[in-house]
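Here is the structure we will look at, set down as structure tokens.
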Amino acid sequence: MRVAVFSTKPYDRTFLERANGGFGHKMTFFEPRLTSETSSLAGGFPAVCVFVNDILDAPVLERLAEGGTTVIALRCAGFNNVDLPTAERLGFKVVRVPAYSPHAVAEHTVGLILTLNRKIHRAFARVREGNFSLDGLLGFDLHGRTVGIVGTGQIGAVVARIMAGFGCRLLGCDLYPNADCEVLGMKYVSLDELLAQADIITLHCPLTPKTRYLINAETIERMKPGAMLINTSRGAVIDTKAVINGLKSGKIGSLGMDVYEEEADYFFEDLSQQVITDDVLARLLTFPNVVVTGHQAFFTQEALQAIAETTQRNIRDIEETGRSENEVTSRRIKGKL
Ligand code: NAI
């Protein structure tokens with residue numbers, strides 16, 4: 001199938017071309033994100049391949065349909081950027097990569113926890129300046145601390161397993177308890193109870209209408225004072241302005257985030273020569289107890305290989321049979337969420 005690949009970075013091209021060997025798709029790589037301004041690039045391509053910050057709202061979908069596109073292959077797990085009802089109305093097949101490496105995201109999550117707790121980001125900079133003082137670097141033992149995991153699916157379950165290894169007490173909040181987590185001793189509680197008890201809160205639920213701004217001024221009030229908050233799910237699961245207020249008041253002790261609600265204009269690009277005009281992001285970067293990474297939690301060799309292989313297979317399955325086990329439909333999603 002002819003595929004227009006959007007938001008292409010050199011590593012995407014390398015892994016997608018390598019995985020294409022047995023499939024023989026004709027892939028054309030475009031660097032820009034898919035937006036209403038760039039959607040005409042997809043004209044005449046039966047399939048588009050997109051990533052987390054490509055926009056697939058109603059106007060873009062209409063343009064793609066007019067240009068003859070029928071398949072949308074997401075090379076990610078989340079699909080919050082697709083207007084699914086409109087996609088279905090226009091007859092698109094939407095496929096995603098539901099699982100590639102939960103380990104990649106879970107390990108990055110734990111990296112953020114360790115970095116923030118032991119202030120490794122500050123120690124790194126300090127030691128390079130010849131400052132070997134320990135003032136301000138005091139951490140706590142993870143052993144015995146309570147970790148609250150919101151969303152205990154594939155990634156949340158791996159985080160649970162790793163944190164159990166540190167000797168943490170595990171609390172979970174999910175619509176569906178995960179037996180693998182219960183075996184680790186996880187106790188399922190309400191979100192309120194989790195917020196009240198957890199020393200570390202880590203978010204691994206998808207972005208849905210129900211989880212948008214799950215962490216807001218009210219829920220922050222219910223947190224244990226000084227709690228660490230980690231978000232590697234989707235930016236809009238937290239109300240970033242409310243989180244900044246929580247950091248300023250000390251209610252939130254530290255913040256690790258790999259995703260940001262307004263990340264699309266910044267993440268994945270080298271903007272080091274430019275001024276950051278997003279004042280919320282700029283403010284976040286001033287806190288000593290905040291670590292921001294640019295949506296890199298997925299970024300391991302294993303994950304990129306699995307994403308590329310599943311994406312090529314998804315497109316082949318739709319081309320040959322009109323079906324894919326990785327198809328996203330609003331019916332299936334409603335069933336799950
Ligand atoms: P998953 O579908 O296996 O697990 C998500 C879990 O969240 C499910 O158990 C679901 O029941 C639960 N959930 C849904 N609504 C909830 C709610 N209102 N409250 C509590 N739990 C709720 O998904 P997976 O693979 O674990 O990924 C989770 C999310 O991580 C993805 O949706 C995506 O947004 C994000 N992600 C981020 C990456 C990164 O690079 N930062 C890479 C991959 C995924």
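Keep in mind that the numbers below use all heavy atoms, side chains included, and drop hydrogens, waters and symmetry copies. Order of appearance sets the numbers: ligands from 1, and atoms from 1 within every ligand.
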Original post:
Does any N or O atom in Phe298 lie less than 3.5 angstrom from one in ligand 1, N or O only?
Top reply: yes
**OP:** Enumerate the atoms of ligand 1 whose separation from the nearest heavy atom of Cys173 is less than 4.0 angstrom.
**Re:** 20 (C), 21 (N)
Original post:
Under 4.0 angstrom from ligand 1, any heavy atom of Tyr100?
Top reply: yes
**OP:** Can you spot which of Glu302, Glu309, Gln301 makes a side-chain hydrogen bond (donor to acceptor under 3.5 Å, both in side chains) with Gln305?
**Re:** Glu309
**OP:** Below 4.0 angstrom from a heavy atom of Tyr176, which ligand 1 atoms are there? Numbered from 1 as shown, please.
**Re:** 11 (O)
Subject >> side-chain hydrogen bond (donor to acceptor under 3.5 Å, both in side chains) partner of Ser7, the single match among Asp54, Asp12, Thr38 >> reply: Asp54
Subject >> Proximity winner for atom 31 (C) of ligand 1, if only heavy atoms of Ala106, Pro206, Gly294 are counted >> reply: Pro206
Original post:
Which ligand 1 atoms are under 4.0 Å away from a heavy-atom of Asp258?
Top reply: 39 (C), 40 (O), 41 (N)
**OP:** Under 4.5 Å between side-chain heavy atoms, chaining through other members, with only Ile, Leu, Val, Met, Phe, Trp and Tyr counted: pull out the rest of the cluster around Val71, sorted by chain and number.
**Re:** Met1, Val3, Val5, Leu16, Met27, Phe29, Val95, Ile315, Ile318
Original post:
Taking only heavy atoms of Val105, which atoms of ligand 1 are found under 4.0 Å from at least one of them?
Top reply: 38 (C), 42 (C), 43 (C)
Original post:
At the 4.0 Å heavy-atom cut-off, does Ala99 count as touching ligand 1?
Top reply: no
Original post:
Does at least one non-hydrogen atom of Thr232 fall below 4.0 angstrom from an atom of ligand 1?
Top reply: yes
**OP:** Find all atoms of ligand 1 within a distance of less than 4.0 Å from any non-hydrogen atom belonging to His295, and give their numbers and elements.
**Re:** 39 (C), 40 (O), 41 (N)
Subject >> Geometric cation-pi criterion Arg145 and Phe140, 6.0 Å radius, 45° cone >> reply: yes
Subject >> Lys/Arg N to Asp/Glu carboxylate O, Asp83 vs Arg89, below 4.0 Å >> reply: no
**OP:** For ligand 1, note which part of Ile155 has a heavy atom under 4.0 Å away: side chain, backbone, both or neither.
**Re:** both
**OP:** Would you indicate which of Leu214, Leu175, Ile307, Asn178 comes nearest to atom 16 (C) of ligand 1 when only heavy atoms are counted?
**Re:** Leu175
**OP:** Pick one of side chain, backbone, both or neither for how Gln154 approaches ligand 1, counting any non-hydrogen atom pair under 4.0 Å.
**Re:** both
Subject >> Residue from Phe299, Phe30, Phe6, Phe268 passing ring pair (Phe, Tyr, Trp, His ring centres under 6.0 Å) with Phe51 >> reply: Phe268
Original post:
Any idea which heavy atoms bring Cys205 and Leu214 closest together, and the distance?
Top reply: SG-CD2, 4.3 Å
**OP:** List for me each residue that meets side chain to side chain contact (heavy atoms under 4.5 Å, CB included) alongside Leu114, sequence neighbours excluded, and say none if there are none.
**Re:** Val110, Leu142, Phe166
Original post:
Can you find a non-hydrogen atom of Pro102 under 4.0 Å from ligand 1?
Top reply: no
Original post:
Do NZ/NE/NH1/NH2 and the carboxylate oxygens of Arg234 and Glu263 come within less than 4.0 Å?
Top reply: no
Original post:
Charged N to carboxylate O under 4.0 angstrom, Arg323 versus Asp317?
Top reply: no
Subject >> Proximity flag Thr208 to ligand 1, non-hydrogen atoms under 4.0 Å >> reply: no
